[in-house]
Amino acid sequence: IKAMRRVSDRLVAWFHASDAQLRWAAASVQSRAHARRGGGTILLPVADCFNHSPSCANCEVLQHADAIEVVTRCEIDPGEELLLCYGQFSNAELLFNAGFTCWPNE
């Protein structure tokens, strides 16, 4: 929060965000961010709407040098839900980083 406050205060001098607003902003970004190859995180509009499946993902995020794409791993029927595997995480990690848990999972 302290680092976010320093950046916020420098970028937007006319608006002072409360600690609660900064925590909400951090959680909103964290719960939608994807790990970037080479470190860090990125936001992928629309891809953050795909649900997680640790074992039945039917699409995946591919990172290239100059682009990122979401591709299917199998034939997708019209209306079928697109599922990404966010990674092999414990329920504690999923709850902290994405705001949900999976069953069955530990």
**Asked** Are any side-chain N or O atoms of His52 and backbone N or O atoms of Tyr86, one a donor and one an acceptor, separated by less than 3.5 Å?
**Response**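 Yes, the answer is positive, given that a donor and an acceptor are paired below the 3.5 Å cut-off.
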**Asked** Under a 4.5 Å side-chain heavy-atom rule over Ile, Leu, Val, Met, Phe, Trp and Tyr, are Phe50 and Phe100 clustered together?
**Response**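 Per the 4.5 Å side-chain linkage, Phe50 and Phe100 are co-clustered.
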**Asked** Under a 4.5 Å side-chain heavy-atom rule over Ile, Leu, Val, Met, Phe, Trp and Tyr, are Trp24 and Leu43 clustered together?
**Response**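 No, because Trp24 and Leu43 fall into different hydrophobic clusters, even though each may have its own neighbours under 4.5 Å.
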Contact check, side chains of [X] and [Y], non-hydrogen atoms, under 4.5 Å:
X     : Y     : answer
Asn58 : Ile76 : yes
Leu62 : His64 : yes
Leu83 : Cys59 : no
Glu81 : Asn51 : yes

If you compare all heavy atoms of [X] against all heavy atoms of [Y], which two are closest, and at what distance to 0.1 Å?
X     : Y     : value
Pro54 : Gln88 : O-NE2, 3.4 Å
Glu75 : Glu80 : O-OE1, 4.0 Å
Leu84 : Ala57 : C-CB, 3.9 Å

**Message:** Is it the case that atom CZ in Phe96 sees more than 12 heavy atoms from other parts of the structure closer than 6.0 Å?
**Reply:**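 Not buried by this count: 12 neighbours or fewer within 6.0 Å.
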